[in-house]
Protein chains: 2
Amino acid sequence: MNRPGLRERKKIETLHRLQEEALRLFDEHGYDATTIEQIAEAAGVSPSTFYRYFPTKEDVVVQDEYDPLIVNVFESQSADDAPLDALRAVLSVLFAEFTDADIERVRRRVRMIFAVPALRARQVQQTVATEELLARMVAERTGRSPGDLEIRHFTALIVTSWTVAISAWAETDGGKDDLAATMDRCLAHLEAGAPL
Amino acid sequence: MNRPGLRERKKIETLHRLQEEALRLFDEHGYDATTIEQIAEAAGVSPSTFYRYFPTKEDVVVQDEYDPLIVNVFESQSADDAPLDALRAVLSVLFAEFTDADIERVRRRVRMIFAVPALRARQVQQTVATEELLARMVAERTGRSPGDLEIRHFTALIVTSWTVAISAWAETDGGKDDLAATMDRCLAHLEAGAPL
DNA sequence: CTGTCATTTGACAGTAGCTATCAGAATTTC
DNA sequence: GAAATTCTGATAGCTACTGTCAAATGACAG
């Protein structure tokens, strides 16, 4: 019923234009050397508007909307599976929906995030949120408390595993199958107790 | 031969005074509500001097000097031990040298770091450095490359394990034995493949 | 189409973290 | 005690970020 009116379409457009122009300018002149003012001007809005869309300069690169997707897919998994298997499945389902363009965008963003300390630092704050999300979901499924040491440890390790995999993949120029394969390798390594 | 001259003593003193006054003011008025100017004034120096001792406001809490210690102790371990066992031993040796006052200081700092997002973000940058350090040491010991996926994954997991343990411990009021015990529990959980 | 209402936007002013520079003070060295 | 080195404080300036208010814009009822 609720058509995306003109107002909402314009908002999404502005958001994307800010992200794109920012990435372009960061690539071109470097992250630190690019000011909010320049990004806003390139996107044809005022600096005030930039801050209405992104709380910080870092967020124009780091922000994503995967958390709700993770929750949805996780809860649709059979409750019989072990948490780690359920999380493995979550990734397969998510990756399956990615287009090549999505993947290239992710790679570009991830490379930038791992190259710029400030972005990496900000990324962590998001990761912490994801970790707490996982903790709540896994806790409920296993009938434990989200504050339980082993739950916290488990979820932190999972997220670390994901992070290592995606950073290693981003350095290559492989497609989404390679990303999935690297994730699997890391999770298997974790499941085996991280032997060397 | 090289006596710690007056100049060097004063420097160390100023550094400690800045850290102490900063922690006190942060506790009292909150991290964001405390300015560099206030810290500098409380420590009896100018804001310029603050920045000569700490590159950022966050560093006055986050900065520590454990990395070189870790390297020393790790390299003094028998090369026959598995890397994970060697790292376990590193912690025991390090903890053994901590006084009760050290431990209380660590707890206070850790609590603040986990309570203030900006500090936690900065902490990660330090953690990344520690991770790369471990990667180099473990790589050399196992005859692999520091860029090897499994090496990177292993070291990232170890550091995550440490981080979870120390944050869980900091929430309690246990002593250093409890800290060591929590670390052991986490590392054992990791070694077992993080089962739930 | 028009007037009204809600939302979005831009301009402006201000705070604070951080950098660079430079003269003067303190400490070390000879 | 003089010269060389290092440390400090003052100043000026840039930029990220916040708060406020009036103008512009799209939504909607009549």
Side-chain angles (χ1 to χ4, degrees), chain A residues 1-19 21-23 25-26 29-63 112-113 116-123 125, chain B residues 1-19 21-23 25-26 28-63 112 116-123 125:
Chain A
M1 297 289 115
N2 234 347
R3 270 306 163 71
L6 173 57
R7 185 167 264 163
E8 196 155 348
R9 262 181 290 139
K10 267 194 166 178
K11 264 176 73 173
I12 293 175
E13 203 180 302
T14 303
L15 186 110
H16 288 159
R17 211 167 51 242
L18 280 169
Q19 288 178 325
E21 294 299 318
L23 280 189
L25 288 168
F26 292 161
H29 308 120
Y31 178 81
D32 289 329
T34 306
T35 67
I36 304 274
E37 208 177 338
Q38 293 169 335
I39 299 171
E41 183 170 357
V45 296
S46 74
S48 308
T49 299
F50 178 95
Y51 284 109
R52 290 208 182 81
Y53 285 86
F54 302 100
T56 69
K57 182 179 173 185
E58 289 99 35
D59 279 294
V60 79
V61 181
V62 166
Q63 212 173 80
M112 200 174 285
I113 289 169
V116 179
L119 293 178
R120 196 162 177 182
R122 179 69 178 171
Q123 166 78 353
Q125 302 185 348
Chain B
M1 296 292 117
N2 235 347
R3 269 307 163 72
L6 172 58
R7 184 166 266 163
E8 196 155 347
R9 261 181 292 141
K10 267 191 166 178
K11 265 175 73 173
I12 293 175
E13 204 180 303
T14 302
L15 186 111
H16 288 160
R17 212 167 50 242
L18 280 169
Q19 287 178 325
E21 295 299 316
L23 279 189
L25 288 169
F26 292 160
E28 223 164 289
H29 308 120
Y31 178 80
D32 289 330
T34 306
T35 66
I36 303 273
E37 209 178 335
Q38 292 169 334
I39 299 171
E41 183 170 358
V45 296
S46 74
S48 308
T49 299
F50 178 95
Y51 284 108
R52 289 205 184 83
Y53 284 86
F54 303 100
T56 70
K57 183 180 173 185
E58 289 100 34
D59 280 294
V60 78
V61 181
V62 166
Q63 210 172 81
M112 198 172 288
V116 179
L119 293 177
R120 195 161 177 182
R122 178 70 178 169
Q123 166 77 356
Q125 302 185 348

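Throughout, protein chains are lettered first and strands after them, A, B, ... in sequence-line order, and every chain is numbered starting at 1. Keep in mind that this is a model prediction, so the values were computed, not measured. These values consider heavy atoms only, across backbone and side chains, with no hydrogens, waters or symmetry-generated copies.
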Tell me the interatomic distance from [X], atom [atom1], to [N], atom [atom2], rounded to whole angstroms.
X      : N       : atom1 : atom2 : answer
K11(A) : dA6(C)  : NZ    : C1'   : 12 Å
Y53(A) : dG10(C) : OH    : C1'   : 13 Å
L15(B) : dT8(D)  : CG    : P     : 11 Å
I12(A) : dT8(C)  : CD1   : P     : 12 Å

Exercise. From E21(A) CD over to L23(A) CG, what is the distance, rounded to the nearest 0.5 angstrom?
Worked result: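 It is 9.5 Å, given to the nearest 0.5 Å.
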For this session: Examine dT9(C): is either OP1 or OP2 under 4.0 Å from a nitrogen or oxygen in the side chain of S46(A)? Give yes or no.
Result: no
Problem set entry | All side chain to side chain contact (heavy atoms under 4.5 Å, CB included) counterparts of F26(A), not counting sequence neighbours | A22(A), Y31(A), T34(A), I39(A), K57(A), V60(A), V61(A), M112(A)
Exercise. P117(A): what forms a side chain to side chain contact (heavy atoms under 4.5 Å, CB included) with it, not counting sequence neighbours?
Worked result: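 P117(A): side chain to side chain contact (heavy atoms under 4.5 Å, CB included) contacts with Q125(B).
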Problem set entry | Heavy-atom closest pair, residues F50(A) and T56(A) | CE2-O, 4.0 Å
Exercise. What is the minimum heavy-atom distance between V62(B) and L119(B), and which atoms define it?
Worked result: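 What the structure gives for the nearest pair is CG2-O, 3.7 Å.
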For this session: Using atom types as modelled and distance alone, determine if a side-chain donor or acceptor of E41(B) lies under 3.5 Å from a backbone N or O of Q38(B).
Result: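 No.
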Return the polar atom pairs (N/O with N/O) between nucleotides 22-26 of chain D and the protein under 3.5 Å, or none.
unit_1: dT25(D); atom_1: O2; unit_2: R7(A); atom_2: NH2; d: 3.2
unit_1: dG26(D); atom_1: OP1; unit_2: K10(A); atom_2: NZ; d: 2.6
unit_1: dG26(D); atom_1: O3'; unit_2: R7(A); atom_2: N; d: 3.4
unit_1: dG26(D); atom_1: N3; unit_2: R7(A); atom_2: NH2; d: 3.4

For this session: Determine, for E13(A) against R17(A), whether the closest basic-nitrogen to carboxylate-oxygen distance falls under 4.0 angstrom.
Result: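 R17(A) and E13(A): salt-bridged.
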Exercise. Is it true that atom CD of Q63(B) has more than 12 heavy atoms of other residues, nucleotides or ligands lying nearer than 6.0 Å?
Worked result: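 Yes, enclosed.
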Hey, what are the protein-to-nucleotides 19-21 of chain D N/O distances that come in under 3.5 Å?
none

Problem set entry | For E37(A), all residues meeting salt bridge (charged side-chain N to carboxylate O under 4.0 Å, His left out), sequence neighbours excluded | none
Exercise. Does any non-hydrogen side-chain atom of T14(B) lie less than 4.5 Å from one of K11(B)?
Worked result: no
Exercise. Does a side-chain heavy-atom distance below 4.5 Å link Q19(A) with Y53(A)?
Worked result: no
Under 3.5 Å, N/O pairs linking protein and nucleotides 16-18 of chain C:
unit_1: dG17(C); atom_1: OP1; unit_2: K57(B); atom_2: NZ; d: 3.1
unit_1: dG17(C); atom_1: OP2; unit_2: I36(B); atom_2: N; d: 3.4
unit_1: dC18(C); atom_1: OP2; unit_2: K57(B); atom_2: N; d: 2.7

